[in-house]
2 protein chains.
Amino acid sequence: MQKLTAQRQAILDIINRSDKHWDADEVAFKLKEKGISIGIATVYRGLAALAEQGLIESIQLADKKRYERADKSHHDHLICTECGAIEEFCKPEIETLQDKVAAERGFKIQGHQLLLFGLCIGCKAGES
Amino acid sequence: MQKLTAQRQAILDIINRSDKHWDADEVAFKLKEKGISIGIATVYRGLAALAEQGLIESIQLADKKRYERADKSHHDHLICTECGAIEEFCKPEIETLQDKVAAERGFKIQGHQLLLFGLCIGCKAGES
DNA sequence: TAGCGAATGATAATCATTATCACTATCATC
DNA sequence: GATGATAGTGATAATGATTATCATTCGCTA
């Protein structure tokens, strides 16, 4: 049984207070900044536990995992390959089509991940 | 300028001859099996080069990259979280919606990745 | 108060991937 | 044919995110 310990509450608090997509290091740094001392392994375990309990959301990028607040409606992500900015979007029609695909194949969906890679409006403007 | 060296041709040949989704280790093992000796770093570089040239396709999973033949029409993937099987599907309507989302935000799409996670038909049947 | 399961923290280990570096192959040009 | 420029190779060290280990500690319940 997972526990919501003081350390995990501190992690949750940081993530809940912003719209950022945090990685483990950033969370650890923020904790240090706030004068809270938590081992890096505990940060990783805490993030995994919170995500498992549905208290935060996780997205898996190529190199690392990032976590964000869970109290938002479901959405997917646009990722700028130039500056790394992460934007969110919501397109229920896409989800509907995904469900249809899965149903056609007798596949029981547990989750999905849709990432769109490209240039955000700012980086597109700065392109040669 | 990228070159299609003998090593890279050997790698390409392996991938083109099957419908598997290969990771670097599997390719290296297959090469060894065929009596071809290629350094592991060269396998990684070869796979990256071939993908960059569009001769093979790459998909980024959570833990590692996998590569597959490029001479298939575009598709996305269903991944069984139980047995690791990778199925392919094609849903042009989803791509259209993705383009629409990007256009709405002035985002210039370079690529995308859509993964559906769940239980394949076999594993679903075997569930308790 | 004792005992149990879960969590913590420091640190070592893992694993895919990338960097380094000395050397080689290819190819155009002198 | 020699020379250079450029890219590739292979062995191996390094990187970086994450996970495992293990002794210790916390919060509970019997």
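Using a 3.5 Å distance cut-off with no hydrogens or angles, the side chains of B:E57 and B:H75 do not pair a donor with an acceptor.
Between B:A41 and A:A6, the residue anchored closer to the 5' end of DNA chain C is A:A6, taking for each the nucleotide with the nearest heavy atom.
In this structure, CG of A:L61 is placed 15 Å from C1' of D:dG16, rounded to the nearest angstrom. With rounding to whole Å, B:Y67 atom OH is found 11 Å from C:dA16 atom C1'. Between the CH2 atom of B:W22 and the C1' atom of C:dT17 there is a distance of 20 Å, rounded to whole Å. One can place CG of B:L47 at 13 Å from P of D:dG10, the figure rounded to the nearest angstrom. Between the CD atom of A:Q9 and the C1' atom of D:dG27 there is a distance of 14 Å, given to the nearest Å. Residue B:L12 contributes atom CG, which lies 15 Å from atom P of D:dG8 at whole-angstrom precision. Between B:E52 atom CD and C:dT18 atom P there is a gap of 12 Å when expressed in whole angstrom units.
Checked for salt-bridge contact, B:E93 and A:K100 miss the test: no charged N lies under 4.0 Å from a carboxylate O.
Listed nucleotides D:dG10, C:dA7, D:dG8 differ in distance to B:I38; the shortest reach to its side chain belongs to D:dG10. Minimum atom distance to the side chain of A:T5 is reached by C:dA7, of the listed D:dA17, D:dA11, C:dA7. Checking C:dA7, D:dT19, C:dT17 against the side-chain heavy atoms of A:Y44 singles out D:dT19 as nearest. The listed nucleotides are C:dA10, D:dT12, D:dT18; the one nearest the side chain of B:I40 is D:dT12. In the set C:dT17, D:dT6, D:dA11, the nucleotide with an atom closest to the side chain of B:K3 is D:dT6.
Within the 4.0 Å cut-off from OP1 or OP2 of C:dG9, at least one side-chain nitrogen or oxygen of A:Q7 is found. For the pair A:Q2 and C:dA7, the criterion of a side-chain N or O lying under 4.0 Å from OP1 or OP2 is met.
For A:K72, the NZ atom sits in a packed shell: over 12 heavy atoms of surrounding residues, nucleotides or ligands are nearer than 6.0 Å.
Using a 4.0 Å heavy-atom criterion, one finds that B:K64 contacts the sugar-phosphate atoms exclusively. Residue B:R45 is classed as a base contact, given a heavy-atom separation below 4.0 Å to a base. Among the atoms of the strands shown, base atoms are found under 4.0 Å from some heavy atom of B:T42. Counting any heavy atom pair closer than 4.0 Å across all strands shown, B:D63 reaches sugar-phosphate atoms only and no base atom.
Just one residue in the list A:K30, A:K34, A:R8 forms a salt bridge (charged side-chain N to carboxylate O under 4.0 Å, His left out) with A:D13, and that residue is A:K34.
At least one donor-acceptor pair under 3.5 Å links the side chain of B:Q113 to the backbone N or O of B:Q60.
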